[in-house]
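Worksheet for the structure shown next.
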Amino acid sequence: MKQPTYVTRPFLPPLEELQPYLEQIWANRQLTNSGPFHQEFEQALCEYLGIEHISLFANATLALVVALQALRITGDVITTPYSFVATSHSLLWNGIRPVFVDIDPETLNLDAEKIEAAITPQTTAILPVHVYGRPCDTRRIQSIADIYGLKVIYDAAHAFGVEDEDGSILRDGDVSILSFHATKVFTTFEGGAVVSPDAKTKKRIDYLKNFGFADEVTVVAPGINGKMNEFQAALGLLQLKHVDEALKQRAEIDGYYREALKDIPGIRYLSLPDCSRRNYAYFVIMVEPEYPISRDELYDRFRKDNIFARRYFYPLISNFPMYRAIPSASKSNLPISSASADKVLCLPIYPGLEEAALERTVHVIKGGAKCLTTRNPN
Ligand code: T4K
């Protein structure tokens with residue numbers, strides 16, 4: 001039986017490198033509530049990412065929920081259906097109605113040109129996602145937000161370390177949210193963060209993630225417990241030492257796929273994003289009608305070969321029961337999102353992925369291309 005190959009595997013530094021961090025935690029017994037590793041990790045992340053204010057969280061979903069609270073977002077928020085459910089769930093958890101706007105077929109990000117038509121007097125904010133770590137059209141989105149007086153909250157769960165010509169894309173909008181989940185390019189097992197533009201916003205977010213405590217006896221808001229603990233922060237500090245090597249290995253795999261898959265009719269992959277620093281978080285192919293078998297048949301062939309490619313993001317968020325009844329969730333409003341969700345397949349990409357597994361992945365795709373029975377015989 002072949003070894004299973006997953007869409008991603010966490011990058012873990014040598015275990016012995018963790019030992020000194022654990023000894024320190026055991027020695028000082030500060031396990032959570034903004035301990036020394038927590039503070040050091042915030043500082044180190046600011047330096048590494050080129051940002052000024054960050055608040056660490058137990059995960060990105062809580063970070064999204066709290067960020068929306070901190071900015072006092074209410075009413076309707078424009079967002080993309082082409083994302084992980086946590087993006088829209090964070091709106092529902094705040095009693096906010098998502099308004100779905102279609103995506104751009106080339107970038108799969110929220111189509112900035114379609115935002116204005118969806119704005120109503122109830123709209124208070126835009127919640128775009130830098131899908132697969134590819135920057136949104138941040139300038140266009142900001143200009144629309146400025147005209148209509150809207151806040152912009154970026155779900156940057158996939159965008160760790162990504163930079164454009166202006167520097168870190170985490171500086172765009174009113175706040176950005178990162179995920180450090182086990183499946184992400186940079187992980188603290190579970191974890192997340194809110195990047196704020198100023199100290200005042202960070203302070204409010206820090207209160208809200210700590211039950212609303214401003215000091216020992218003052219509670220300024222009905223906050224939640226969203227705190228990152230010392231173990232997670234220590235893992236993060238250790239990971240930071242290795243993240244550049246991890247990103248380098250991802251870039252090599254990305255390059256391998258681009259070369260190996262370039263002439264297969266019906267297999268399209270996304271162009272490299274136009275930015276000064278990429279993170280190669282996902283390698284995404286689109287299985288087009290010219291390819292002899294369907295996306296789901298290819299997905300099944302992978303599984304038979306013990307390769308667990310994933311259909312991120314299928315089904316669309318707008319198709320889940322809690323969103324279906326929203327008028328903007330209709331398929332006719334979201335033709336590009338709907339078509340993309342039916343074509344997409346994310347291939348294995350992670351540091352340490354063996355060459356044999358890469359070759360097997362490409363072999364399965366090339367095998368599908370040689371099928372005699374085509375979907376479109378005409
Ligand atoms: N916004 C966006 C745009 C997001 O994509 C996400 C999360 C969020 C917000 C919320 O972030 P967090 O609150 O999670 O911090 C995964 C992740 O659970 C989720 O974090 C991620 N996005 C989403 C895209 O994918 P699943 O259900 O696909 O994960 P799972 O368990 O099937 O794992 C996929 C593969 O990864 C496995 O086949 C093997 C490998 N794996 C996974 C885990 C958990 C490992 O090798 N080790 C592991 O520990 O959702």
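Each ligand, and each atom within it, is numbered from 1 in the order the structure gives. The model shown is predicted, which means the values in this text are computed figures rather than measured ones.
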Check for me whether the distance between the ring centres of Tyr323 and His89 falls short of 6.0 Å.
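Aromatic pair counts; centres sit under 6.0 Å.
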Kindly say whether the aromatic ring centers of Phe283 and Tyr269 come within a distance under 6.0 Å.
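Centroid distance Phe283-Tyr269: below 6.0 Å, so yes.
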So if I apply the side-chain contact (heavy atoms from CB on, under 4.5 Å) rule between Tyr154 and each of Thr138, Asp174, Val195, which one comes out positive?
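In the set Thr138, Asp174, Val195, the residue that makes a side-chain contact (heavy atoms from CB on, under 4.5 Å) with Tyr154 is Thr138.
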Does an N or O anywhere in [X] fall below 3.5 Å from an N or O of ligand 1?
X: Ser179; answer: yes
X: Tyr6; answer: no
X: His158; answer: yes
X: Glu190; answer: no
X: Ala60; answer: yes

What protein heavy atom lies closest to [atom]? Include the residue and the distance to one decimal.
atom: atom 18 (O) of ligand 1; value: His181 CE1, 3.2 Å
atom: atom 47 (N) of ligand 1; value: Pro10 CD, 3.6 Å
atom: atom 1 (N) of ligand 1; value: Asp155 OD2, 2.7 Å
atom: atom 34 (C) of ligand 1; value: Arg310 NH1, 3.5 Å
atom: atom 43 (C) of ligand 1; value: Ala182 CB, 4.1 Å
atom: atom 46 (O) of ligand 1; value: Arg9 NH1, 2.7 Å
atom: atom 33 (O) of ligand 1; value: Thr183 CG2, 3.7 Å
atom: atom 22 (N) of ligand 1; value: Lys184 NZ, 2.8 Å

With ring pair (Phe, Tyr, Trp, His ring centres under 6.0 Å) as the test, would you mind laying out the steps for Phe231 and His38 before giving the verdict?
CA-CA 9 Å; Phe231 179 69; His38 185 282; over 10 Å; no
When you measure from atom 31 (O) of ligand 1 to the protein, is at least one non-hydrogen atom found at a distance under 4.0 Å?
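Not a single protein heavy atom is under 4.0 Å away.
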Quick check on contacts: which atoms of ligand 1 are under 4.0 angstrom from a heavy atom of [X]?
X: Ala157; value: 1 (N), 2 (C), 3 (C), 4 (C), 9 (C)
X: Ala86; value: 8 (C), 9 (C), 10 (C)
X: Gly191; value: 15 (O)

Using the ring of Tyr282 (Phe, Tyr or Trp, six-membered ring only), decide whether Arg134 places NZ or CZ under 6.0 Å from its centre and within 45 degrees of its axis.
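Not satisfied by the 6.0 Å and 45° rule.
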Determine which pairs satisfy salt bridge (Lys or Arg N to Asp or Glu O under 4.0 Å) with at least one residue from residues 53-81, sequence neighbours left out, and list them in order.
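As it turns out, the salt bridge (Lys or Arg N to Asp or Glu O under 4.0 Å) pairs with a partner in residues 53-81, which skip direct neighbours, are Asp76-Arg97.
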Are any of the heavy atoms in Ser90 under 4.0 Å away from ligand 1?
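Contact check Ser90 vs ligand 1: negative.
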Residue-ligand contact Ser83/ligand 1, heavy atom below 4.0 Å:
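Yes.
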Just verifying a value: how many Å separate Thr80 OG1 and Ile126 CD1, rounded to the nearest 0.5 Å?
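Going from OG1 on Thr80 over to CD1 on Ile126, the span is 12.5 Å.
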Is ligand 1 under 4.0 Å from a heavy atom in the side chain of [X], in the backbone, in both, or in neither?
X: Tyr312; answer: side chain
X: Thr8; answer: both
X: Thr61; answer: both

Before giving the answer on side chain to side chain donor-acceptor pair (under 3.5 Å), spell out for Asn225 and Lys209 the whole-Å C-alpha distance, their side-chain angles and the decisive distance to 0.1 Å.
CA-CA 5 Å; Asn225 182 358; Lys209 76 167 192 193; over 6 Å; no
Give me the ring orientation class for Phe37 and Tyr21: parallel if the planes are under 30° apart, tilted from 30 to 60°, perpendicular past 60°.
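Answer is tilted, since the angle falls between 30° and 60°.
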Residues, nucleotides or ligands: over 12 heavy atoms within 6.0 Å of Lys151 NZ:
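Result for NZ/Lys151: open.
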Crowding at CG, Asp274 (>12 non-hydrogen neighbours, <6.0 Å)
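Check fails, neighbour count at 12 or below.
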Are any side-chain N or O atoms of Ser88 and backbone N or O atoms of Val85, one a donor and one an acceptor, separated by less than 3.5 Å?
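Such a contact is absent between Ser88 side chain and Val85 backbone.
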Of all the heavy-atom pairs spanning Thr8 and Arg250, show the shortest one and how long it is.
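Reported closest heavy-atom pair: OG1-NH2, 3.8 Å.
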Just by distance, with hydrogens left out, do Tyr48 and Asp244 show a side-chain donor and acceptor under 3.5 Å apart?
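Yes, side-chain donor-acceptor contact under 3.5 Å.
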Of the listed options (Phe189, Phe84, Tyr282, Phe313), which comes nearest to atom 50 (O) of ligand 1 when hydrogens are ignored and any heavy atom counts?
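Residue with the shortest heavy-atom distance to the ligand atom: Phe84.
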